[in-house]
Engineer: 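Just dropping this structure here.
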Amino acid sequence: MPILDTLGQDHRAIEQLIGELAGVRSDEPDRRVELFSQLQAILQAHSRAEEEVVYRALRGARPDEVEVLEAFEEHHVADVLLQELASACPGGRAWTAKVKVLEEVLRHHIKEEEQMIFPLVSERSGEAEQARMDQEFRLLRHEKLERALGPLRRATPAFAGRAAITAQAAAGRYIRRGELFLRRRLGRLPATA
């Protein structure tokens, strides 16, 4: 399967989850936490794998590509909002407002990515390269790991600072980069479908 199809499927799942989360009333904090946990896991897994496989390939070809640099920044903004939501009270009005802002950020990011990044991927990579990218993306998309890290993130106060959030995202990318390097080196990447 081409990478763009996989990314598009993730985008639809993210849009569905954020829309559902935005519609949950403040008197249902348990439902909010449940949906937020699902969203956080898929979004973190998607973002880190996408940064490592897709954005890194595009940056390698053209390091000054503005669309890719903006996409990285939009991921950072989403990470900050996720951390602030993770440590906030899910029954409050501020939480509701922050979810709305996250929804707007995500919908804007997805639209721009599909209109600007997807064509760059299509232009710069053939069918075989896109299949390889898809394989690597799926390999590095650790949703179960991100789900397991959710309670830890909820226990980390938002005031821990944006530097900590940036460090978490960088650590996620570097861990995936190391995993990919080792799998390539050991010849342990699964065959493309």
Side-chain angles (χ1 to χ4, degrees), residues 1-24 34-63 65-82 85 99-147 149-150 168-169 172-173 175-177 179-180 183-184 189-193:
M1 175 183 285
I3 183 67
L4 300 180
D5 291 347
T6 301
L7 295 175
Q9 287 173 357
D10 271 9
H11 289 170
R12 302 298 78 79
I14 290 165
E15 287 173 331
Q16 191 255 330
L17 269 172
I18 190 65
E20 200 173 332
L21 179 62
V24 178
E34 176 189 332
L35 288 172
F36 175 75
S37 295
Q38 291 174 25
L39 176 67
Q40 185 179 34
I42 190 174
L43 195 54
Q44 294 284 349
H46 173 89
S47 296
R48 299 300 81 85
E50 182 177 58
E51 289 167 355
E52 184 52 34
V53 175
V54 179
Y55 295 179
R56 192 161 186 240
L58 291 173
R59 291 274 328 258
R62 292 198 41 205
E65 193 74 60
V66 174
E67 292 85 0
V68 179
L69 296 172
E70 286 178 10
F72 268 114
E73 291 304 319
E74 288 169 353
H75 279 196
H76 175 70
V77 169
D79 287 341
V80 170
L81 289 169
L82 284 172
L85 281 163
V99 167
K100 183 65 178 165
V101 171
L102 178 62
E103 180 181 27
E104 290 169 359
V105 166
L106 292 178
R107 290 188 187 281
H108 168 81
H109 174 72
I110 288 169
K111 181 180 177 184
E112 276 197 347
E113 194 169 81
E114 290 180 355
Q115 290 177 349
M116 292 189 244
I117 301 293
F118 281 23
L120 291 175
V121 171
S122 293
E123 288 171 16
R124 292 182 174 84
S125 54
E127 207 172 290
E129 175 69 7
Q130 286 187 41
R132 183 196 57 76
M133 290 170 77
D134 184 68
Q135 180 184 33
E136 291 177 355
F137 176 84
R138 288 173 185 271
L139 184 72
L140 298 179
R141 192 183 169 280
H142 297 304
E143 189 173 341
K144 288 180 183 176
L145 174 63
E146 295 298 343
R147 192 175 308 277
L149 291 172
Q168 287 176 3
R173 282 192 299 275
I175 288 168
R176 285 165 174 86
R177 186 171 301 160
E179 179 183 354
L180 195 56
R183 286 181 181 263
R184 285 178 181 157
L189 276 172
T192 51

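These numbers come from a predicted model, not from an experiment. Numbering of residues begins at 1 and proceeds along the displayed sequence.
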Engineer: Start with the C-alpha gap between Leu58 and Glu65, add the side-chain angles, then the distance that decides, and say whether side-chain contact (heavy atoms from CB on, under 4.5 Å) holds.
Structural biologist: CA-CA 8 Å; Leu58 291 173; Glu65 193 74 60; 5.8 Å; no
Engineer: State whether the number of non-hydrogen atoms from other residues, nucleotides or ligands found under 6.0 Å of Glu127 atom CD is greater than 12.
Structural biologist: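 Open: at most 12 neighbouring heavy atoms sit under 6.0 Å from CD of Glu127.
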Engineer: Between Leu7 and Phe137, does the side-chain contact (heavy atoms from CB on, under 4.5 Å) criterion hold? Intermediate values first, please.
Structural biologist: CA-CA 9 Å; Leu7 295 175; Phe137 176 84; 3.7 Å; yes
Engineer: Nearest 0.5 Å please: distance from the CG atom of Asp134 over to the CG atom of Leu139.
Structural biologist: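 Spacing of CG (Asp134) from CG (Leu139) equals 11.0 Å.
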Engineer: Can you tell if the side chain of Leu39 reaches within under 4.5 Å of the side chain of Leu35, non-hydrogen atoms only?
Structural biologist: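 Of all side-chain heavy-atom pairs linking Leu35 with Leu39, none is under 4.5 Å.
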Engineer: Evaluate the side-chain proximity of Glu113 to Glu74: yes if any heavy-atom separation is below 4.5 Å, no if none is.
Structural biologist: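 No, too far: nothing below the 4.5 Å cut-off.
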Engineer: Does Glu112 have any side chain to side chain donor-acceptor pair (under 3.5 Å) partners at least two apart in sequence or in another chain, and if so, which?
Structural biologist: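 With sequence neighbours excluded, Glu112 shows a side chain to side chain donor-acceptor pair (under 3.5 Å) to His108, given in chain and number order.
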Engineer: Look at the rings of Tyr55 and His75 and say which category their plane angle falls in: under 30° parallel, 30 to 60° tilted, over 60° perpendicular.
Structural biologist: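 Because their plane-to-plane angle lies in the 30° to 60° range, the rings of Tyr55 and His75 count as tilted.
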Engineer: Tell me every residue that passes side chain to side chain contact (heavy atoms under 4.5 Å, CB included) with Arg59, counting only those two or more places apart in sequence or in another chain.
Structural biologist: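 Applying side chain to side chain contact (heavy atoms under 4.5 Å, CB included) to Arg59 gives Pro63, Val68, Leu69, Phe72.
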Engineer: Using atom types as modelled and distance alone, determine if a side-chain donor or acceptor of Gln130 lies under 3.5 Å from a backbone N or O of Ser125.
Structural biologist: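 It does hold such a pair.
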Engineer: Looking at Leu120 and Arg124, what are the two nearest heavy atoms and their distance?
Structural biologist: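 Taking every non-hydrogen atom into account, CD2-NH1, 2.7 Å.
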Engineer: Decide yes or no on side-chain contact (heavy atoms from CB on, under 4.5 Å) for Ile18 and Arg107, but give the supporting numbers first.
Structural biologist: CA-CA 9 Å; Ile18 190 65; Arg107 290 188 187 281; 4.1 Å; yes
Engineer: Hey, could you give me the CD/CD1 distance between Glu15 and Ile110, rounded to the nearest 0.5 Å?
Structural biologist: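 Answer rounded to 0.5 Å: 4.5 Å.
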Engineer: Are Leu106 and Leu43 close enough that some pair of their side-chain heavy atoms sits under 4.5 Å apart?
Structural biologist: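 Sidechains of Leu43 and Leu106: in contact.
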Engineer: Would you say Glu114 and Leu4 make side-chain contact, with heavy atoms under 4.5 Å?
Structural biologist: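 A side-chain contact under 4.5 Å is absent here.
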Engineer: side-chain contact (heavy atoms from CB on, under 4.5 Å) for Ile42 and Arg141? Distances and angles first, verdict last.
Structural biologist: CA-CA 9 Å; Ile42 190 174; Arg141 192 183 169 280; 3.1 Å; yes
Engineer: How long is the straight-line distance from OG of Ser37 back to CG of Leu21, given to the nearest 0.5 Å?
Structural biologist: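 Going from CG on Leu21 over to OG on Ser37, the span is 10.0 Å.
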Engineer: Output the distance between atom NE2 (His46) and atom CD (Glu51), rounded to the nearest 0.5 Å.
Structural biologist: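 So the NE2 of His46 and the CD of Glu51 are separated by 9.0 Å.
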Engineer: What closest approach, in Å, do Val53 and Met133 show between heavy atoms, and which atom pair accounts for it?
Structural biologist: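 That closest heavy-atom pairing would be CG1-O, 3.4 Å.
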Engineer: Check the pair Arg12 / Gln16 against side chain to side chain donor-acceptor pair (under 3.5 Å), numbers first and verdict last.
Structural biologist: CA-CA 6 Å; Arg12 302 298 78 79; Gln16 191 255 330; over 6 Å; no
Engineer: Less than 4.0 Å between a side-chain N and a carboxylate O, is that true for Arg48 and Glu52?
Structural biologist: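 No.
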Engineer: Would you name the heavy atoms of Leu81 and Leu102 that are closest together and state the gap between them?
Structural biologist: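 Scanning both residues completely, I find the closest heavy atoms to be CD1-CA, 3.8 Å.
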